[in-house]
Enquirer: 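Please find one structure pasted underneath; my questions will follow.
Just so it is clear: chains get the letters A, B, ... in the order the sequence lines come, proteins before strands, and each one is counted from 1.
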Amino acid sequence: MSDWMSGGQQISGLSKVEGPIVVVEGTGVVAYDEVVEIIDQNGRIRPGRVLEVGENLAVVEVFSGTAGLSIDGTRIRFLGRSFQIPVAQEMLGRIFNGIGEPIDGGPQPLADRHADINGQPINPTARVYPRDYIQTGISAIDLMNTLVMGQKLPIFSGSGLPQDQLAAQIVRQARIGKAVGEKGRSDDQFAIVFAAMGVKNDVAAFFRKSLTESGALTRVAMFLNLADDPAVERLVTPRVALTLAEYLAFDCGQHVLVVMMDMTNYCEALRQISNIRGEVPSRKGYPGYMYSDLASLYERTGRIKTSTGSITQLPILTMPNDDITHPVPDLTGYITEGQIVLSRSLTQQDVYPPIAVLPSLSRLMKDGIGRGKTRDDHSRVSMQLYAAYARVQDIRSLASVIGEEELSTVDQRYLAFGRAFETEFIQQDAGENRDLETTLSLAWQLLSLLPRTELTRVTEADINRYYQEKR
Amino acid sequence: MNPVVGRVIWINGPVLRARGSRLVTMGEMVELGEQHLVGEVIGLAGDVMTIQVYEETAGMKPGEPVFGTGSPLSVELGPGLLGGIFDGIQRPLPVMEMQKGSFIGRGIRLTPLYHATRWQFTPLAQIGRTVSGGTVLGTVPETQQLVHVVMIPPGVTGKLVWLADYGEYGITDPVARVQTDEGEVTIPMLQRWPVRRPRPVRSRLEKIEPLLTGQRVLDTFFPLVKGGAAAIPGGFGAGKTITQHQIAKWSDAQVVIYIGCGERGNEMTQVLQEFPELVDPRSQRPLMERTVLVANTSNMPVAAREASVYTGVTIAEYYRDMGYHVALMADSTSRWAEAMREISGSLEEMPAEEGYPAYLSSRLAGFYERAGLVENLNGTTGSVSLIGAVSPQGGDFSEPVTQQTKRYVRCFWALDKSLASARHFPSVNWLNSYSEYIDNISNWWQIETGMDWRALRAKAMEILNEESHLDQIVKLVGPDALPDEQRVTLETSRLLREGFLQQNALDDIDTYATPRKQLKMLSLILHFHERAMGVVRRGAVISSIQALAVVNTLIRMKAVISNDQLDKLDEIGIQLDQQMDELEALYR
C-alpha cells in the first residue's frame, strides 16, 4: 500500500478549526485517507487522517481533539501512507489505547509486520461458509440462537441491562463446540480481541478484572477508548482491533473472538463528524453512508479457504430508549447474522441472562447444528420451544383480560411451561457453564409440560425418545 | 491505451471531480490514476466532471490522470456467463481469487468472460439473407442444460455475407459478416451492451402463465407471472433471504440471475457454495448450469453496488432475447437505494424523503419496468421476471423505498416479523400481501389441474380473513366464549396456517410442492371445514372434532406425502369422510 503516496511534506498554519476537524490550505499533493501528524505550539504530536482533498486543500480529522491548536502555531506533517499499525502475536495479553499505542506500561510490541487498518473486503468466493458451532454454556444461546465460528452476532442491550456480565461470561466460557456424546476433541480456546469505544472506566475495569480472574488475560488484547477519550478516536478503535484480529486469524491460524462495545458510541462519533462536515443527514441525523461504514467493520468476520483460523464478532450496542428500530440496531441487524436481544422485563423479574428469546435470532445456526454437529433433534426442539413460547405470549395477554381461571386446561399448561422456561431454562448463574446435552435435556423436560399433541414441530420419533409427559 | 481526458481535482470517498476535456460524455466509463481504477461520469459542468468510482479511493491524489474509454459502463454478453460469479461491475470473482488471493484489491483488470475458451458453434442462418438485431446466427451448447443462441447484436442491419462453419471458436473470433449501409461489420459471439439501457424488444405480451415457485403461499395465494415483478419487503430476521433462495432454487424459469446487492459476505458465500451443489429438480443437473450470480457484498465499494442491479438485469435481458424465461432476484433493492443515497450525499444533492435522492422513484420504475413477457426482435417469446427484496428500516413499510417500490410491482409478498418469531416460514403475511395477477392466470390453473383454483383460493382467504376478525374477540374473551361454528373456522384456519401456509425449506419432501399437490391439499383442508361445519351444526362439540386423528394427519401431510404419491392425499380424504361420518352418526 505504500507505493501510492509521496509523503513527508509539512505545512505551517491552519485555515480553519471546527470541532475535531481542521482544514489546511496550500498543500501540495495530498492523498485521500492519508495519515498526518499535527504538531501544536508546544511540540506535542497528535495523529490525524485526511477526510477530503481538493486542489491545495485538505480536510483532516484530529484523533485526540483540537483543543490547544492555533491557526498559525500549528504544523501538519503528511506521512504519505495510510493508517497502519504494527501487528504481532505478542500483542495478546497487552492493553492499548484507541489508536493502538500500548498503555499498560509495557514496551511497544515487536512488529511482525505493519497492516493497513482499513483492511480489504474478503472476496466472497474465498470465504468458507461457517459451519462449526461455539458452545457458550448459555442455554438460551446454545440451543435457541447458536453462535457459529465466523459469525457476527451482536448483543442488543439497553441502558441498565447486564450486557457486560453476559459478554464477559461468553468470553470466559466460549469453546469450540462438540457433538453431544462426542469425546476427545481438544478444548480449544479463543484468542480475544476487545475493542472498547466510549466505554465507562468502570466497565473497562470490570472486564479486565473478570478476564484476569478467569486466567484469560494472557490471550486477550484490549483496545480501550474510554468515555472521556476523544470521540473521533472511536472511529479508529474497531478498525485497529479488527486489523490485529485479521492478522491472528488469517496469518497465524487462530480462532479469534472480537468483542466490540459500544457500537452506539461509535455511531455517535460518526454522526458528530458528519455533522461538522455539513453532510446531508439521513435518519435521525446519522450519515447516509452509515450502513456501508458499519458493514466495513462487521464484514471483517468469517473464515477463508487459505487459513484455519476464524474471526467471530460479538458487537454490543445499547438501543437508545430500548428502540430496536433506532438506526444503530436497525442497520446493524441488516448486516450481522442475527442478534441477541436483552429484555428489560426479564431483568425486572431478576432473570439472568435476560435474553428475549423471541426477537433473538442466529442466522447461521441452521448449518452449525444437527446430526454430527450437535444432536439430531436440536433444530426441531428449538423450533418447538420458539413456537410454544410465542403461544405463551398470546395466552398471557388473553389471561390478563379474562383471568387465568377462565383459560382452557391446555392454555394453563402453556402458562406453566412459560414460567418454567423463563426461570429454569433462560435463567442461569453468571458462573454456570451448561454443556449442550444438559441444555437439551432441560428443554425436553420443559416440553414434557405440554400435551403431546401440541408438539407439532418435532417428529414422532423425537417424542417417543425424549418426551415424558408431566401433568 | 486510452487517452487522458482530465486530472483529478477533488476527492471525497467514492466520488471525485476532475477537470479536463469537454468532450467526455455523461455516463462514460473512465479509468483513474496509475492503478486504472474503474469509474463512471455522473455529472458534467463546464470542464469539470464528477465521477463515481467503483473501487476504494484511499490513496488517490489530486492531479492523477483520468483516462476516457469512449463508451458507457457495459457488460460482456456471450457464452460463459452461466455458472459465472461476478462482482457489481462484472469482474469474475473466482478469477480474482486465483490471481489476487482472498482479499479484493484495487485496479484489477480482468475480462468478465474467459476469452480463451473455445465453444462449439453450429451455424443456423442463411448466407445472403437480410439480417437485423436479434437474428439467430447459430447455437452453442453453453452448458448441458442450456443452448446459447448466438444473435446479431441490436442495431446492426444488413445482408449476411459470411457465416462461420460448424466448429470451435473463441468468443472474440468472427462468426459472421454483415454488409450494412455503413460497410461490412464483423460479428463475434461476444456482445457488449451498456447496462443502463434496456435491450430492445419487438413488443410486450400479455402475461398468462404463473412463475411457479413450489412455495404454497406464493403459488396458490399470491402468484407471480412469468414476466411479472414482485417485491419481498421484510425487516431483518423476517426470512427474506431464505424465501429468495427457495425461489431461486425452485422457480420454473430456465435461467436464474441472483444479485447479492450489498448483503452479507457469509450469506453470499452460502449461495456460492450451495448453488453449485444443488440439483435442478427437473433435469437432475447442477443448478449452476443455468445460474449467474452477481455478488457485491455490503463492504465492497458502494458505487459498484449501485451498478450491480443493472449488470444483472442486462444479463437477464440477454437470455430473454434467446427465447428463455429468466427469473432475477435482487437482494436487496434497499441496499441499492442506499447506494444511490450515499452517492447523492457525496454529490451534495438536495435530498427528498429521508435523505434519498428525488430520482429514487424514477430509478425504481426504470428497473422494474425491465421485467416483461415479450416478443423478441427475432420473433421468439421470452420473459424477465423481477423479484426485489426490500429491507425497510425498522421493518416499517411506510418508508420511501417500500412505498415507491409498491407503485411499480403488482405482486407484494409482505414478510412478517411476528410470524418469523413464531418460526412460521415462509413468513408471508396473508392479510397484507397481494397479487394483481389472479385474473391473468386463472385459466392456466384450470387447464393444468382441472380444479377451480380461483374458488378454492377465495374460500381459503375468506376463512383466514374471518380468523383475523375472530382473533380480536378471542383476545378479549377467550375462545371458549365463541359459538362452535366460529371455532370450526378457527380450527380450519389453524390447519391452513400449520398444514398449508407453513412450509419447511429444509425438509426434503415439503420444500417443493407441485401445483396439483398444492390444490389437492387445499381442497382437503376446505373439505374438512365443510364436513366439520356440518357435524357441528348437528350438535357435535368442537373438542370432538379437534380430537379426530385426521386433524394431525392433515397438519403433517405436507411433509409425509411427496409430489409423486398424490393418490395418498385421496386416501386421507377417505379417512376424513369416514371419521366425520362416524362422528355425525352419533348426532342423528
Enquirer: Quick one: which of B/Gly13, B/Ala295, B/Gly262 has the most heavy-atom pairs under 4.5 Å with chain A, could you say?
Expert: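 Of B/Gly13, B/Ala295, B/Gly262, B/Gly13 has the most heavy-atom pairs under 4.5 Å with chain A.
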Enquirer: Go through the atoms of B/Arg17 and report whether side chain, backbone, both or neither lie under 4.5 Å from a heavy atom of chain A.
Expert: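 Answer is neither: B/Arg17 stays 4.5 Å or more from chain A.
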Enquirer: Can you tell which part of A/Val53 gets under 4.5 Å to a heavy atom of chain B, answering side chain, backbone, both or neither?
Expert: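 For A/Val53, heavy atoms of backbone and side chain both lie under 4.5 Å from chain B.
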Enquirer: Would you mind checking which part of A/Glu406 comes under 4.5 Å of any heavy atom in chain B, side chain (CB onward), backbone (N, CA, C, O), both or neither?
Expert: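 For A/Glu406, backbone heavy atoms alone lie under 4.5 Å from chain B.
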Enquirer: Quick one: of B/Lys475, B/Gln273, B/His424, who has the most non-hydrogen atom pairs under 4.5 Å with chain A?
Expert: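 The option with the most such pairs is B/Gln273.
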Enquirer: Specify which of B/Leu506, B/Thr297, B/Val477 makes the most heavy-atom pairs with chain A at under 4.5 Å.
Expert: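 Between B/Leu506, B/Thr297, B/Val477, the count favours B/Val477.
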Enquirer: Could you tell me which of A/Gly119, A/Pro121, A/Gly302, A/Gly54 has the largest number of non-hydrogen atom pairs under 4.5 Å with chain B?
Expert: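 Winner by heavy-atom pair count: A/Pro121.
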Enquirer: Using the ring of A/Tyr291 (Phe, Tyr or Trp, six-membered ring only), decide whether B/Arg341 places NZ or CZ under 6.0 Å from its centre and within 45 degrees of its axis.
Expert: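 No, a cation-pi geometry is absent between B/Arg341 and A/Tyr291.
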Enquirer: Let me confirm one number: the CG-CD distance from B/Asn12 to A/Glu52, rounded to the nearest 0.5 Å.
Expert: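 If I round to the nearest 0.5 Å, the distance is 4.5 Å.
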Enquirer: For A/Arg277, is it the side chain, the backbone, both or neither that has a heavy atom under 4.5 Å from a heavy atom of chain B?
Expert: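 Side chain only.
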Enquirer: Is chain B contacted by the side chain of A/Asp367, its backbone, both, or neither, given a heavy-atom distance below 4.5 Å?
Expert: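 Side chain only.
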Enquirer: Any idea which of B/Ser102, B/Pro62, B/Gly355 has the most non-hydrogen atom pairs under 4.5 angstrom with chain A?
Expert: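 Result: the option with the highest number of such pairs is B/Ser102.
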Enquirer: Which atoms of B/Ile11 come close to chain A, meaning under 4.5 Å heavy atom to heavy atom: side chain ones, backbone ones, both, or neither?
Expert: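 It is both, since atoms from each part get that close.
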Enquirer: Out of B/Met300, B/Gln270, B/Glu353, which one racks up the most heavy-atom pairs below 4.5 Å with chain A?
Expert: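 Maximum pair count with chain A is reached by B/Gln270.
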Enquirer: A/Ile122, A/Thr306, A/Asp411: which one forms the most heavy-atom pairs within less than 4.5 Å of chain B?
Expert: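 Of the candidates given, the most pairs with chain B belong to A/Ile122.
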Enquirer: So what's closer than 4.5 Å to chain B heavy atoms on A/Pro124: side chain, backbone, both or neither?
Expert: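 Contact with chain B is through both the backbone and side chain of A/Pro124.
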Enquirer: As an exercise: rank A/Val357, A/Leu51, A/Leu294, A/Val128 by heavy-atom pairs under 4.5 Å with chain B and give me the winner.
Expert: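 Top option by heavy-atom pairs under 4.5 Å: A/Val128.
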Enquirer: Looking only at atom types and distance, does a side-chain atom of A/Asn123 sit under 3.5 Å from a main-chain N or O of B/Pro94, one as donor and one as acceptor?
Expert: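 Side chain of A/Asn123 to backbone of B/Pro94: no pair is present.
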Enquirer: Ignoring hydrogens and geometry, is there a side-chain-to-backbone donor-acceptor pair from B/Glu338 to A/Gly288 under 3.5 Å?
Expert: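 Not at all, since once roles are kept as given, no pair shorter than 3.5 Å links the two residues.
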Enquirer: For the residue pair B/Arg305 and A/Ser292, confirm or rule out a side-chain donor-acceptor distance under 3.5 Å.
Expert: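 The answer is yes; a qualifying pair exists.
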Enquirer: Considering only heavy atoms, which portion of A/Ser360 lies under 4.5 Å from any heavy atom of chain B: side chain, backbone, both, or neither?
Expert: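 Answer is backbone: N, CA, C or O of A/Ser360 sit under 4.5 Å from chain B.
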Enquirer: Got a sec: does the CZ of A/Arg371 have more than 12 other heavy atoms crowding it under 6.0 Å?
Expert: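 No - once you tally the heavy atoms of other residues, nucleotides and ligands closer than 6.0 Å, there are 12 at most.
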Enquirer: Taking all non-hydrogen atoms of both residues, which atom of B/Ser298 and which atom of A/Ile335 are closest, and how far apart?
Expert: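 Of all heavy-atom pairs spanning B/Ser298 and A/Ile335, the closest is OG-CG2, 4.3 Å.
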Enquirer: Could you tell me whether A/Glu279 atom CD has more than 12 heavy atoms of other residues or ligands within 6.0 Å of it?
Expert: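 Yes, enclosed.
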Enquirer: Between B/Glu354 and chain A, with a heavy-atom cut-off of 4.5 Å, which part of the residue counts as in contact: side chain, backbone, both or neither?
Expert: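 Both the backbone and the side chain of B/Glu354 come within 4.5 Å of chain A.
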Enquirer: What part of B/Ile85 lies closer than 4.5 angstrom to a heavy atom of chain A: side chain, backbone, both or neither?
Expert: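 The side chain, not the backbone.
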Enquirer: Can you tell whether the side chains of B/Lys61 and A/Glu34 come within less than 4.0 Å, N to carboxylate O?
Expert: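 Result for this pair is no, no salt bridge flagged.
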Enquirer: Please name the pair of heavy atoms, one in A/Leu398 and one in B/Val474, separated by the smallest distance, quoted to 0.1 Å.
Expert: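 Heavy-atom minimum between the residues: CD1-O, 2.8 Å.
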Enquirer: Where the side chain of A/Arg457 meets the backbone of B/Arg423, is there a donor-acceptor pair that is under 3.5 Å apart?
Expert: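 It does hold such a pair.
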Enquirer: Hey, could you give me the CZ/OG1 distance between A/Arg127 and B/Thr269, rounded to the nearest 0.5 Å?
Expert: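 Separation between the atoms: 5.5 Å.
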Enquirer: Against chain B, label A/Ala126 side chain, backbone, both or neither, depending on which of its atoms sit under 4.5 Å from a heavy atom there.
Expert: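 The answer is both parts of A/Ala126.
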Enquirer: With a 4.5 angstrom heavy-atom cut-off, which part of B/Asn552 approaches chain A: side chain, backbone, both or neither?
Expert: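 For B/Asn552, the side chain is the part near chain A, not the backbone.
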Enquirer: Among B/Met96, B/Glu267, B/Arg335, which residue forms the greatest number of heavy-atom pairs with chain A at distances under 4.5 Å?
Expert: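 Most heavy-atom pairs under 4.5 Å with chain A: B/Arg335.
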Enquirer: Taking side chain as everything from C-beta outward and backbone as N, CA, C, O, which of these in B/Gln502 sits under 4.5 Å from a heavy atom of chain A? Side chain, backbone, both or neither.
Expert: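 Contact with chain A is through the side chain of B/Gln502 alone.
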Enquirer: Side chain, backbone, both or neither: which part of A/Phe250 has a heavy atom under 4.5 Å from chain B?
Expert: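 Contact with chain B is through the side chain of A/Phe250 alone.
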Enquirer: So, taking the atom named CZ in A/Arg300 and the one named CZ in B/Phe103, what distance separates them when rounded to the nearest 0.5 Å?
Expert: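 Output value for this atom pair is 8.5 Å.
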Enquirer: B/Arg264 side chain to A/Thr336 main-chain N or O, any donor-acceptor pair under 3.5 Å?
Expert: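 Yes: the side chain of B/Arg264 pairs with the backbone of A/Thr336.
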Enquirer: Scan side-chain atoms only and decide if B/Asn266 and A/Glu337 contain a donor-acceptor pair under the 3.5 Å cut-off.
Expert: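 There is such a pair between these side chains.
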Enquirer: Can you see whether A/Thr125 engages B/Glu97 through a side-chain donor-acceptor pair at a distance of less than 3.5 angstrom?
Expert: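 The answer is yes; a qualifying pair exists.
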